[in-house]
Amino acid sequence: MTLELSKTYDAKAHEADVYRRWEAAGCFKAGAGKRPGKPAYAIAIPPPNVTGVLHMGHALNNTLQDTLIRWKRMQGCDVLWQPGTDHAGIATEAVVAKQLAAEGATTRETLGREKFIERVWQWKEKSGGLIVGQLRKLGSSCDWSRERFTMDPGLSRAVRENFVRLYKEGLIYRGTRMVNWSPVLKTALSDDEVVHEDKNGWMWKLRYDLVDGSGSIAVETTRPETFFGDTAVAVNPDDARYQALIGRKVRLPITGREIPIIADAYADPEKGTGAVKITPAHDPNDYEVGARHNLPLMRVIEFDGTMNKHAAHFAGQDRFACRKALVHELEASGVMLGKTEIRHSVGTSERSGEPIEPMVTEQWFIRMRPLAERALKETNEGRITFHPTQWTKVYSHWLENVRDWCISRQIWWGHRIPAWHDQDTGEIVVSVDDPTKDPTYAGRRLVQDADVLDTWFSSALWPFSTLGWPDRTPELARYYPTSTLVTGRDIIYFWVARMVMMGLFNLDARPFNDVYIHGTVNDERGDKMSKAKGNGIDPLIMIDGGSQMYLGKQYDNPGYGADAVRFTLLEMATEGQDLKLNPGKFDSGRHFANKVWNAGRFLLMNLAERPLAKPPTVDDVLACHLGFVERWLLDRTQATIAACTDALERFRFSEYVVTAYRFFHDDLCDWYLEWAKRQFKAGGEEARAAATVLWYAFDRVLRLLQPGMPFISEVLWQHLQTTAGGQAWAAKSFLMLSPWPEVEPRLTDAALAAPMAELQAVVTAVRNVRNQQQLADGVHLTVSIQPKTAARGNELRPHTAFIEDRGNCDATVVAPDFTKASATVTSVVGDLKVHVWLQNTIDLAAFKATNLKRLTGLEKAVAGKQARLANADYLARAPAQQVQDTRDQVAKELLEIANLKETLAGL
RNA sequence: GGGCGAUUAGCUCAGCUGGCUAGAGCGCCUCCCUUACAAGGAGGAUGUCGGGGGUUCAAAUCCCUCAUCGCCUACCA
């Protein structure tokens, strides 16, 4: 069999192929690879918008989910990663509306509701859901056979069912209320769809004259055009300045309409002039005041943002055009008393960007209080845990202050509200199934409500609607509540809290146990990535290659592969910290993937020369004649297994990959693999042991890497099967369904770490001296190691082979009373002196300086500890073990100090 | 206005329940294209842990305070 693995790792040559094999073999299916006695583990994907394309935030979010899912699957759990997409009402409607406009000035209105929705479906079938393919490129191991869309028939039924249940419980009501209105989208928006932006603006001061001509009152406003809708001026009842004016009337400018001056505590004497104009139809606070005083509602702005007939000659003008012209006119007429520039927060539509207009309209609402109380109990009583925990507070704070949720939208794409209005009686019929087809309602003129539901209404049901609810399906029984929700902090209110509320309401059980909130992906300056800012890094270009603009610079990328992108994202995913990315960051993942690849090639080449019968088991390993270095590596392998598992259990993604990286890079490659070359050369039993140990350790680390770097670990693992007489991909076995490693006590030996560290320090000392002589690594040196005692010498002697091999030297352990030759230079490693015969000139001053520096550092450390030990309080209060450790350390350090001093004296 | 978070090497970040001379990656300096890997190897340099105060035998870590920067939130007419 010939091995034709390229010298550098070419992700593109493998990833698509591997993914196809996994999928064909059913590896992604719910329950794939599950083992008896293991629990279920489910994650419902945060459904991306059908209109979406994969950005770095998705890449991070899905890498984390896939890592958890793959890990749990390897642990033998009955795993489901439920995928799907969201219909994204407003966003999708906007896409298609834009298309219509581009095709030639058609609007959705001219097309009509049914035709328009048809168009949206056509668009969805043809170009929607692109992102699903992109998630595959990332390596996401979702059960695609269970892919769902929020407007699927089943999920739509769940939406209607939920609506009807809430309605019957009195938790949904219809009412005329002040809502956020988007004049561009021509729909109501929920409070959460309004973003507040700080903007520069003007505060205008207007003069309203008293009707009786006895004077005037001044009010301030940032929206002068709303004065056409004023129905009162309010002053504080305790405001001495205005006592005499309460109950009198003022005349509005231009229209001359008369309105009363009323007393209401809402007017704050400290603010502005202390008198406030009341526009109940266009301001939420004024609406409240108006309600208290029975003031008429006078709407002066139309739903499209233009002024209506109440605005005199400004009727028909856009609200902002009107403001401009109006200000001019008022200035000219002397009504305008002045203006001040201010910076204030303006509520704007999240989707369309324009300032929202508060409007009084009839809408559907959900009464949130009772739902919120139950949702709060879940976290308070520990059934749902946020990671990191501080997000619990954010979640709780919102729920404690939650206001009723406006769920109706005046758009067409979405779940139509399952309520029918009786045209004759005005009665409302709420029903899961169309009542016009129900004989019970025969003869009645029922017309369905025109509005659709807020997109988040269906998203709130996602963890159970995707499992078949309201039917009691086996999947629902097995996977609900799901295990973990992985998401960003921006949708804790929108989505997380609402899923909890709806899960509890409908199923009496939380939708998930753990919520992992990851950081936001930012550019290198710390700004959130966005298309508009041109600071986005396209994950697909990082994976597949291509060129892109980033912060005004052109980047050409050869394509690093999904594993490299995933590794870098995981590495940076530290406890909810935001990620500051730049395209160069992905080098670390790419370099590591290449390192793994080449270590794999090395192992494969050597196994080709000395094949083993089968992948080594623990027993096979134990049956070998294991040397010190082998036993050390095996112990390190166990420690790494424990640490990686622990990190994943605690959602420490960065710690997980960094631990695996450190072991792989330092222990396995830098130390063991290099040592193995010598063992292979030696042949016989030593070579067999090295091959066995190396394969075993490599196999374990491939397993550890599989959740994070699934493609490369699978490819190498498959190739390794060939060396045992098999053929890559031949068996129906896959690394991704193989067991996650568990710590093997028989291979654990904590006593090896310290002696190995000492040997490594000796080797480093030798290499350092070689380096300081400006000699190439290939130059062989002669070394004498002088121990403090004969016993220490005996300890060391069996390990000279390791020092000789790794230090490229002849090493002799000499007697404690050894007199060093003059042509040597001495380094200190603890209580050992390492004498290296010089072959070239050495910068003695520099060498001395290094040692001196070390001496100073040690002396400082010892002095600190000795002071501590001299302190009676320390001895009395610190734990005994702590004190003993300090004593031991001082003893060790004093030995090294003495050693260093002697050495320095001899230099 | 309120809340939350951050501030550690030139850069990006670890450092968890206070306790070894505070670490890693990138970058930097020296040497090496050695038959797994130059996307590599060997060695090295680099810190008033944002400032100030406090608690403690002991503080990067806990508390207070100030500064700077983020994010969320709020109806400032």
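All figures in this text were calculated on a predicted structure; none of them were measured in a lab. In the text below, chain A, chain B and the rest are named by the order of the sequence lines, each starting its count at 1.
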Students often get this wrong, so: under 4.0 angstrom with heavy atoms, is [X] touching a base, only sugar-phosphate, or nothing?
| X | value |
| --- | --- |
| Asn285(A) | base |
| Pro358(A) | nothing |
| Lys853(A) | sugar-phosphate |
| His397(A) | nothing |
| Arg767(A) | sugar-phosphate |
| Thr764(A) | sugar-phosphate |
| Phe586(A) | nothing |
| Gly778(A) | nothing |
| Tyr9(A) | base |
| Ala234(A) | nothing |

Could you please name the partner base of [N], counting Watson-Crick and G-U wobble pairs only when both distances are under 3.5 Å?
| N | answer |
| --- | --- |
| rU68(B) | rA6(B) |
| rG1(B) | rU73(B) |
| rC20(B) | none |
| rA14(B) | none |
| rU55(B) | none |
| rC28(B) | rG44(B) |

[X] (side chain) and [N] (base): donor-acceptor pair under 3.5 Å:
| X | N | value |
| --- | --- | --- |
| Arg770(A) | rC31(B) | no |
| Asp777(A) | rC32(B) | no |
| Lys595(A) | rC37(B) | yes |
| Lys271(A) | rC76(B) | yes |

Interatomic distance, [X] [atom1] vs [N] [atom2] [rounded to whole Å]:
| X | N | atom1 | atom2 | result |
| --- | --- | --- | --- | --- |
| Tyr874(A) | rC20(B) | OH | C1' | 10 Å |
| Asp805(A) | rU34(B) | CG | P | 18 Å |
| Leu673(A) | rU34(B) | CG | C1' | 14 Å |
| Leu569(A) | rC13(B) | CG | P | 14 Å |
| Phe664(A) | rG25(B) | CZ | P | 16 Å |
| Glu524(A) | rG70(B) | CD | C1' | 17 Å |
| Asp666(A) | rA24(B) | CG | P | 10 Å |
| His196(A) | rC76(B) | NE2 | C1' | 12 Å |

What distance, rounded to whole Å, do you find between the two [atom1] atoms, one in [N] and one in [M]?
| N | M | atom1 | result |
| --- | --- | --- | --- |
| rG40(B) | rU46(B) | C1' | 24 Å |
| rC32(B) | rG15(B) | P | 39 Å |
| rA60(B) | rG47(B) | C1' | 11 Å |
| rG10(B) | rC29(B) | P | 16 Å |
| rC33(B) | rA45(B) | C1' | 25 Å |
| rG43(B) | rC49(B) | C1' | 27 Å |
| rG18(B) | rU56(B) | P | 16 Å |
| rU34(B) | rU17(B) | P | 48 Å |

Filtered N/O pairs between nucleotides 27-30 of chain B and protein, under 3.5 Å:
from: rU30(B); atom 1: O2; to: Asn771(A); atom 2: OD1; distance (Å): 3.4

Within a strict 4.5 Å, meaning less than it, do heavy atoms of the [X] and [Y] side chains meet?
| X | Y | result |
| --- | --- | --- |
| Pro558(A) | Tyr560(A) | yes |
| Val769(A) | Phe847(A) | yes |
| Met56(A) | Leu579(A) | no |
| Glu220(A) | Thr273(A) | yes |
| Leu875(A) | Leu869(A) | yes |

More than 12 heavy atoms from other groups under 6.0 Å of CZ on Arg403(A): no
Verdict with reasoning, Gln889(A) to Thr886(A), per side-chain hydrogen bond (donor to acceptor under 3.5 Å, both in side chains): CA-CA 5 Å; Gln889(A) 282 158 20; Thr886(A) 309; 5.1 Å; no
From the list [options], which nucleotide is the closest neighbour of the side chain of [X]?
| X | options | result |
| --- | --- | --- |
| Tyr661(A) | rC20(B), rA39(B), rG25(B) | rG25(B) |
| Asn598(A) | rA36(B), rC72(B), rA77(B) | rA36(B) |
| Glu674(A) | rC37(B), rC16(B), rC71(B) | rC37(B) |
| Asn594(A) | rA39(B), rG41(B), rG25(B) | rA39(B) |
| Arg868(A) | rU73(B), rG19(B), rG41(B) | rG19(B) |
| Lys393(A) | rC20(B), rG19(B), rC4(B) | rC4(B) |
| Lys7(A) | rA36(B), rA38(B), rG5(B) | rA38(B) |

Asp563(A): which of Val715(A), Ile712(A), Ile543(A), Val596(A) passes side chain to side chain contact (heavy atoms under 4.5 Å, CB included): Ile712(A)
The single option from Asn522(A), Leu581(A), Asp527(A) passing side chain to side chain contact (heavy atoms under 4.5 Å, CB included) against Asn535(A): Asp527(A)
Check: Tyr516(A) ring centroid to Phe651(A) ring centroid under 6.0 Å: yes
Lys/Arg N to Asp/Glu carboxylate O, Glu357(A) vs Arg223(A), below 4.0 Å: yes
Basic-acidic side-chain contact under 4.0 Å: Asp578(A), Arg489(A): yes
Along RNA chain B (nearest heavy atom to each residue), the more 5'-positioned of Gly274(A) and Arg652(A): Arg652(A)
Residue mapping more 5' on RNA chain B - nearest nucleotide basis, Glu896(A) or Ser654(A): Ser654(A)
